[in-house]
Peer 1: 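So that we are looking at the same thing, I have put the structure below in structure tokens.
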2 protein chains.
Amino acid sequence: MTTIKDVAKYAEVSVATVSRVLNKKGYVSKDAEVAVLKAIKDLNYKPNSVARSLYHKTSKMIGLLIPDISNPFFPELARAVEDVALTYGYTVVICNTDEDKRKEQQYVDALKQKYIDGLILSTNQLSIDDYKSLHVPLVALDRSISDSVPIVTANNFIGAQQATEYLIDNGSTFLAHLRGPVGVKTADQRYKGFKEVVEKKGIAHVVVESEFNIHHAKKTALDLFERYPSIDAIFASSDIMAAGVMKAAKQMGKEVPTDVQLIGFDGIPLGEMLTPSLSTVIQPIYDMGAISTRLLIKQIEKQPLETLHYELETELNIRETTRSEQYE
Amino acid sequence: MTTIKDVAKYAEVSVATVSRVLNKKGYVSKDAEVAVLKAIKDLNYKPNSVARSLYHKTSKMIGLLIPDISNPFFPELARAVEDVALTYGYTVVICNTDEDKRKEQQYVDALKQKYIDGLILSTNQLSIDDYKSLHVPLVALDRSISDSVPIVTANNFIGAQQATEYLIDNGSTFLAHLRGPVGVKTADQRYKGFKEVVEKKGIAHVVVESEFNIHHAKKTALDLFERYPSIDAIFASSDIMAAGVMKAAKQMGKEVPTDVQLIGFDGIPLGEMLTPSLSTVIQPIYDMGAISTRLLIKQIEKQPLETLHYELETELNIRETTRSEQYE
DNA sequence: CTGAAAGCGCTTACAG
DNA sequence: CTGAAAGCGCTTACAG
């Protein structure tokens, strides 16, 4: 590889001068600049980032800690992070933590040793102090870490309200909510949104808890249909759960949306692939990733943040698992 | 951050000695070793990887070049790469190239400057020389780059044969194949497998080309059903295409699998989420990623490779979009 | 067995 | 405006 020394020799100047034109810093005569630029071009010189890192104690790399990239919520998020990072000249290191404390610590240590410039956290098994020990900017994505860490989420509460209202406005009178695990913030918010609407409107309802996977959701829905055959609408806390509900409905001989209306949550590509395609509350996943990354880079570059909590709006996307009596 | 100097001072030895115990290299007296180990522990010292990188011209990082992580084929692959990398102490930098030459070049340059140790290529817009200019080991994943680069693929040809045979053995007499774009190696192989079986058995068939996305597949299938209403089985070149076929079938009032049997290809999680769940040819995606990574690390660590072409077996996974007359 | 020194490729005060 | 020198944190011949 050609180094700054080679360039200096070729341009007949010192390495300091080469460095100056490289960084557009300090005085350089026109002649010297031209010679250096020519040398850089002729030798196809690219400055070595590792050497730069060592001096500056930065790396132009950011870390993305997520539970598992193969969970369909995360690819689009990761994609957004990577896109924005690339725009600003950053590279992203991806870390699947499986919500495992030990793995997370291992990553945090490794990243620290590499002078990572910042961290996006979609997982939080460690304490805030562990993250802070990195002494780099942080952003929490769809998780709350601490009041001092900027956070980006969707408005789960309002999204759930919209879905619930839609089901009721379309004539359903006995709603069920498949909620996610208690204690998971997003699941709690969606539950609250559902609850508030059915209670305010005095609509019969039942809430059951499920894990965020298709098998458990199917089982839970099967049980639900068994116990309450007259349920005529289900609001599921995720699209994957909704896919499970569809399987259960089919098995019980219930037609969606004729017998039971169904709305999911997330807006992952899966929804569109299902038949009938899934009505759902879309979270702006890409935007959430993109905004998080911009927030992180702003901090890295010492720019002021306007606010510490970005709450993005969801959008109710009506596809084929709901009836559309409103428009008939 | 505490450095090797701090450790040396604390242990009352030179930095050279600390380095020796760190790397278990060269002679160190028992006394010195004990003192250093204690210092490391007391100070919670972690050697700085950037400084090491600069000296060794390696980084303990590998690059993963893929078209787009939000394409559902890649998350599991990326997950496997990351898992294996972590085991061997490597970190992975993820690069979405969108099959765009310029972006790929941008990444290759950035990775070179970071002393990346190796590259896994699931995309190949550049010429082999561009990749070789990195002077690091390479592995091609599901793409062929050059004869000199080890390659990992699934046996698309045999997988396609198995699917086709199954459809015929289950009583279908007029098969259609939704093939992927001509020129895409995997699509070509699947097509060849299909073709060989139908021709050998003298079965009526029709082949149409589609893109690897649901909308185009649906449109193509709709058109196909229109032109050939008696088609009673479809082999789709990907699971996503198969999801499109299911939508088309529904729209045309055809029941799957009663009227039309359907088999996809890939084995992505989507298949299981569909109702009825999709029969498909499973590629061992995780294994492909894991093996690629091991191959890469073997090369990085200068170990000999047994073979340059790993072709993994596919597995026919019969779920609900096929009939099972064989067992009746 | 151990330490002083040079070097990895860069950057930036400092002196001129 | 420019170059020599020190330093980022480590590793490894070299001399002792």
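Worth saying up front: this structure is predicted, and the values here are computed from it rather than measured. Just so it is clear: chains get the letters A, B, ... in the order the sequence lines come, proteins before strands, and each one is counted from 1.
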Peer 1: Want to know the stems of DNA chain D: at least 3 consecutive Watson-Crick or G-U pairs with distances under 3.5 Å, which are they?
Peer 2: C:1-3 with D:14-16, C:5-12 with D:5-12, C:14-16 with D:1-3
Peer 1: Check this for me: does any side-chain nitrogen of one of A/K38 and A/E33 sit under 4.0 Å from a carboxylate oxygen of the other?
Peer 2: no
Peer 1: Got a sec, which pairs hit salt bridge (Lys or Arg N to Asp or Glu O under 4.0 Å) with one end in residues 44-60 of chain B, sequence neighbours left out?
Peer 2: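 Those involving residues 44-60 of chain B do not exist here.
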Peer 1: Report the C-alpha separation of A/I62 and A/V81 in whole Å, then their side-chain angles, then the decisive distance to 0.1 Å, and conclude whether the side chain to side chain contact (heavy atoms under 4.5 Å, CB included) test is met.
Peer 2: CA-CA 9 Å; A/I62 62 179; A/V81 171; 4.2 Å; yes
Peer 1: If you take any heavy atom closer than 4.0 Å to DNA chain C, which residues from residues 105-113 of chain A end up in contact?
Peer 2: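 Here the set is empty: none.
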Peer 1: Please enumerate all residues that pass side-chain hydrogen bond (donor to acceptor under 3.5 Å, both in side chains) together with A/H309, with sequence neighbours excluded.
Peer 2: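 A/H309 satisfies side-chain hydrogen bond (donor to acceptor under 3.5 Å, both in side chains) with A/T153 once adjacent residues are dropped.
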Peer 1: When rounded to the nearest 0.5 angstrom, what distance separates CG in A/L126 from CD in A/E104?
Peer 2: 4.0 Å
Peer 1: Using the test side-chain hydrogen bond (donor to acceptor under 3.5 Å, both in side chains), find all partners of A/E99 that sit at least two apart in sequence or belong to another chain.
Peer 2: A/Q125, A/R143
Peer 1: For residues B/S53 and A/V50, report the shortest heavy-atom separation together with the two atoms involved.
Peer 2: CB-CG1, 3.6 Å
Peer 1: With a 4.0 Å cut-off on N to O distance, would you call A/D98 and B/R79 a salt bridge?
Peer 2: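 Salt bridge present between A/D98 and B/R79.
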Peer 1: Please identify which of these residues, B/V108, B/I120, B/L111, B/L121, meets the side chain to side chain contact (heavy atoms under 4.5 Å, CB included) condition with B/C95.
Peer 2: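 Testing each of B/V108, B/I120, B/L111, B/L121 against B/C95, the sole residue satisfying side chain to side chain contact (heavy atoms under 4.5 Å, CB included) is B/L111.
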Peer 1: Which one of B/D142, B/D68, B/T97 satisfies the side chain to side chain donor-acceptor pair (under 3.5 Å) criterion with B/T123?
Peer 2: B/T97
Peer 1: Reading nucleotides 8-16 of chain D from the 5' end, what letters show protein touch, with B for base, S for backbone sugar-phosphate only, - for no heavy atom under 4.0 Å?
Peer 2: BBSBBB---
